[in-house]
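Structure first, then comments.
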Amino acid sequence: MAKFLTNREENYSQWYNDLVIKADLAENSAVRGCMVIKPYGYAIWEKIQAGLDKLFKETGHVNAYFPLFIPKSFFSKEAAHVEGFAKECAVVTHYRLKNDGKGGVMVDPESKLEEELIIRPTSETIIWNSYKSWIHSYRDLPILINQWANVVRWEMRTRLFLRTAEFLWQEGHTAHATKEEAQEETQKMINVYADFAENSMALPVIKGFKSENERFAGALDTYAIEALMQDGKALQAGTSHFLGQNFAKAFDVQFTDKTGKLEYVWATSWGVSTRLIGALIMAHSDNNGLVLPPKLAPIQVVIIPIFRKIEQLSVISEVAAGIKKDLESIGISVKYDDRDTNTPGWKFADYELKGVPVRIAIGPRDIENKTVEIARRDTLKKEIYPLEKVALIVKDLLEDIQKEIYNKALKFRQENTFYVDTWDDFVKVLDQPGGFIMAHWDGTAETEEKIKEETKATIRCIPFDSPEEEGKCIYSGKPSRKRVLFARSY
RNA sequence: CGGGGUGUGGCGCAGUUGGUAGCGCGCUACGUUCGGGACGUAGAGGCCGCUGGUUCAAGUCCAGUCACCCCGACCA
């Protein structure tokens, strides 16, 4: 575990402040748990957005936008859904302030809303309220909509990136004519998330079903991708829900099928959030700072000139400009940092902190020899290459870094996944190395609950690819057919 | 909401039995530097979280209050 993720060393705090700061309105407890994402951190989010959005479009989805406020009455239509979110909602009750006569302002009691508005914790209700008027015939289906938005969940305890009171996310909400089609969509989207996590974020994930206890409020089935962080805890990185006809029934969304029969619509929803930035940080960082997979790095290559005199700089700049142009022409993002306000050593450290995958240093020596020094962030190794080969080398290097970061994370997960058959081992492994535990479970919610009470470990998912295997429940000793994934989680 | 901890320049912290605030980093200026977070000199920057009390005197003692952090309940 990178030390700067677990304590407040100088570097940690500088790096952290560079990426994100907490809202510093110390007087106002209402912004507790919210975050300010500074430009570099937000650039990472933009890369995530772009990558996902492309995949959504490729799978036939379109973007739309629905209101931030949800009338209270909408929210109470689906019983399990209310139950799940009731305890964490921010509510708007008034719409105006007035002078309090003491130089301050107060809420104008005259402005009380007839019906309170809930700030969306998720948008199923307001979206299905719209779908009601959009869907009448099988010809109106399917509806495959995604929304990029912010949501608010008034959590009791927050943790930057992993659980903030307000967070940015995307939520897909689809409507289908048949159960099979909706189930297929649910599966399709968890696959999209897994692809993105593994191929773009270099984050190996385990796909699986959520147990009943962990299911989304209002869903018949929840699929999730689970990733292992460097501190041995699990992180739920994305979910896809099969909602059945629950929301269609709650909002009375019926359509006439091909045979003229009236049917309720089948639904799915799925989402990932700014938590993915947290996942990236917690999964790949080392003691020198962030390590970003090239596909998500806002800056993929930084060029740093080493010079004493202005004349030297101008020669270097010419070479750097050529490299930059070459790299950009093959789609690589490059920053040339020719500031004379910081030393090269300072810049090296700074870009390492920011996780920039490849660094090119050019000094007078290189100019003389027609070479450059190329360093990679993941291993911190550096080598001298001839100038004319730079574009080729860098292109390969970025691909290799992407692969190696993934391999490293995968190796870490493999080394920290334990197949356990006794309760003693289960408890020991949880405490000692932590990590993922594959163990048998009798399938009951009571057992899951008891395991959670005694160890704080929960069933992260029932992996899709967990093989059939005779066994006995780790806790109750009752028969079991499959191992499930246990871990302590965020 | 329960348990623990912390509030002192931008950041990280020290501050003894109460005597009127300091260190490192950062910041500004100038000079020398520049192939792994350079160095020197000179500066700027503080309602010691807030309120009240004790005292000749409070960063320090007392009471209250607010905020933040960690652990639990809740959760993407």
Side-chain angles (χ1 to χ4, degrees), chain A residues 4 6-18 21-33 83-89 121-122 151-171 193 210 213-217 222 224-227 234-241 269-279 288-289 304-310 312-313 316 338-353 359-369 371-373 375 380 382 384 452-453 456 458 489-490:
Chain A
F4 67 92
T6 53
N7 61 30
R8 294 187 165 270
E9 303 272 333
E10 195 180 330
N11 275 356
Y12 165 86
S13 118
Q14 280 179 7
W15 161 78
Y16 211 77
N17 277 336
D18 211 37
I21 58 165
K22 281 158 73 183
D24 57 356
L25 305 170
E27 301 295 315
N28 186 352
S29 66
V31 294
R32 176 189 338 203
E83 178 72 20
F85 286 102
K87 283 174 278 179
E88 53 188 50
C89 286
T122 179
V151 288
V152 169
R153 295 185 188 173
W154 214 262
E155 304 290 354
M156 292 171 181
R157 206 156 77 76
T158 56
R159 194 188 163 104
L160 273 180
F161 281 125
L162 300 183
R163 186 162 48 254
T164 43
E166 179 194 4
F167 55 95
L168 307 183
W169 77 343
Q170 63 63 219
E171 45 181 331
Y193 288 152
K210 281 288 176 185
N213 285 349
E214 301 277 327
R215 219 170 263 164
F216 177 74
T222 291
I225 51 171
E226 292 286 331
L235 186 75
Q236 178 175 307
T239 48
S240 180
H241 315 291
S269 69
W270 27 273
V272 297
S273 69
T274 34
R275 172 178 270 196
L276 291 184
I277 303 174
N288 292 314
I304 297 173
I306 296 157
F307 61 97
R308 272 178 232 192
K309 297 169 192 150
I310 299 294
Q312 290 176 318
L313 177 63
I316 294 169
D338 63 348
R339 288 175 299 169
D340 61 357
T341 49
N342 295 92
T343 61
W346 190 92
K347 291 177 188 171
F348 290 173
D350 190 48
Y351 289 104
E352 275 163 19
L353 211 52
R359 182 188 68 230
I360 300 175
I362 310 172
R365 214 154 64 205
D366 295 302
I367 296 296
E368 205 172 303
N369 304 334
T371 57
V372 295
E373 180 194 87
L380 297 171
K382 48 190 183 183
I384 308 286
K452 186 178 176 183
E453 271 170 36
K456 286 181 276 176
T458 51
S489 76
Y490 281 106

Which nucleotide in the set [options] lies at the smallest distance from any side-chain heavy atom of [X]?
X: A:I306; options: B:rC75, B:rC34, B:rG37; value: B:rC34
X: A:R308; options: B:rC34, B:rC74, B:rG36; value: B:rC34
X: A:T343; options: B:rA38, B:rC74, B:rG36; value: B:rA38
X: A:P344; options: B:rG72, B:rG35, B:rG36; value: B:rG35
X: A:R163; options: B:rG35, B:rC74, B:rC34; value: B:rC74
X: A:R153; options: B:rG35, B:rC75, B:rG37; value: B:rC75
X: A:K452; options: B:rC74, B:rG36, B:rG35; value: B:rC74

[atom1] atom, [N] versus [M]: distance in rounded Å?
N: B:rC69; M: B:rG12; atom1: C1'; answer: 15 Å
N: B:rU65; M: B:rC56; atom1: C1'; answer: 29 Å
N: B:rU17; M: B:rC50; atom1: C1'; answer: 28 Å
N: B:rC47; M: B:rU20; atom1: C1'; answer: 14 Å
N: B:rC27; M: B:rC11; atom1: P; answer: 15 Å
N: B:rG49; M: B:rC66; atom1: C1'; answer: 7 Å
N: B:rU60; M: B:rU54; atom1: C1'; answer: 13 Å
N: B:rG22; M: B:rG9; atom1: C1'; answer: 11 Å

Paired with [N]: which nucleotide, if any, by Watson-Crick or G-U wobble criteria at under 3.5 Å for both distances?
N: B:rC11; answer: B:rG24
N: B:rC75; answer: none
N: B:rC68; answer: B:rG5
N: B:rG46; answer: none
N: B:rG40; answer: B:rC30

### Query
Do the non-hydrogen side-chain atoms of A:E171 and A:T122 ever get within less than 4.5 Å of each other?
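Side chain of A:E171 against side chain of A:T122, heavy atoms only: contact under 4.5 Å found.
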From [atom1] of [X] over to [atom2] of [N], roughly how many Å is that when rounded to an integer?
X: A:K456; N: B:rC74; atom1: NZ; atom2: P; answer: 13 Å
X: A:D340; N: B:rU32; atom1: CG; atom2: C1'; answer: 15 Å
X: A:L162; N: B:rC75; atom1: CG; atom2: P; answer: 17 Å
X: A:R339; N: B:rC34; atom1: CZ; atom2: C1'; answer: 14 Å
X: A:L353; N: B:rC11; atom1: CG; atom2: C1'; answer: 14 Å
X: A:L380; N: B:rG36; atom1: CG; atom2: P; answer: 14 Å
X: A:F216; N: B:rC75; atom1: CZ; atom2: C1'; answer: 12 Å
X: A:F307; N: B:rG36; atom1: CZ; atom2: P; answer: 15 Å

Please work out if [X] contacts a base, only the sugar-phosphate, or nothing of the nucleic acid, heavy-atom cut-off 4.0 Å.
X: A:T371; result: nothing
X: A:D366; result: base
X: A:R359; result: base
X: A:S273; result: base
X: A:E155; result: base
X: A:K382; result: base

### Message
B:rC75, OP1 or OP2 - any side-chain N/O from A:K87 closer than 4.0 Å?
### Response
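Looking at the OP1 and OP2 atoms of B:rC75, neither is under 4.0 Å from any side-chain N or O of A:K87.
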### Query
Does A:R365 put a side-chain nitrogen or oxygen below 4.0 Å from OP1 or OP2 of B:rG35?
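It does not, given that no N or O in the side chain of A:R365 lies less than 4.0 Å from OP1 or OP2 of B:rG35.
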### Message
Quick check: closest heavy atoms across A:P121 and A:F85, and the distance to 0.1 Å?
### Response
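Closest heavy-atom pair between A:P121 and A:F85: CB-CD2, 3.9 Å.
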### Query
Which atoms form the tightest heavy-atom contact between A:I316 and A:P305, and what is the distance?
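Between these two residues, the closest heavy atoms are CG2-CB, 3.6 Å.
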### Task
Is it possible for you to check whether A:R163 lies under 6.0 Å from the centre of the six-membered ring of A:Y490, through NZ or CZ, and within 45° of that ring's axis?
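No.
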Gap between atom [atom2] of [Y] and atom [atom1] of [X] - 0.5 Å precision:
X: A:F348; Y: A:N342; atom1: CZ; atom2: CG; value: 12.5 Å
X: A:L162; Y: A:E155; atom1: CG; atom2: CD; value: 12.0 Å
X: A:W346; Y: A:T341; atom1: CH2; atom2: OG1; value: 7.5 Å

### Message
When you measure only distances, ignoring hydrogens and angles, does the side chain of A:E373 come within 3.5 Å of the base of B:rG36 through a donor and an acceptor?
### Response
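Side chain to base: no pair present.
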### Query
Where does the angle between the aromatic ring planes of A:H241 and A:F216 fall among parallel (under 30°), tilted (30 to 60°) and perpendicular (over 60°)?
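Judged by the thresholds at 30° and 60°, the geometry between A:H241 and A:F216 is parallel.
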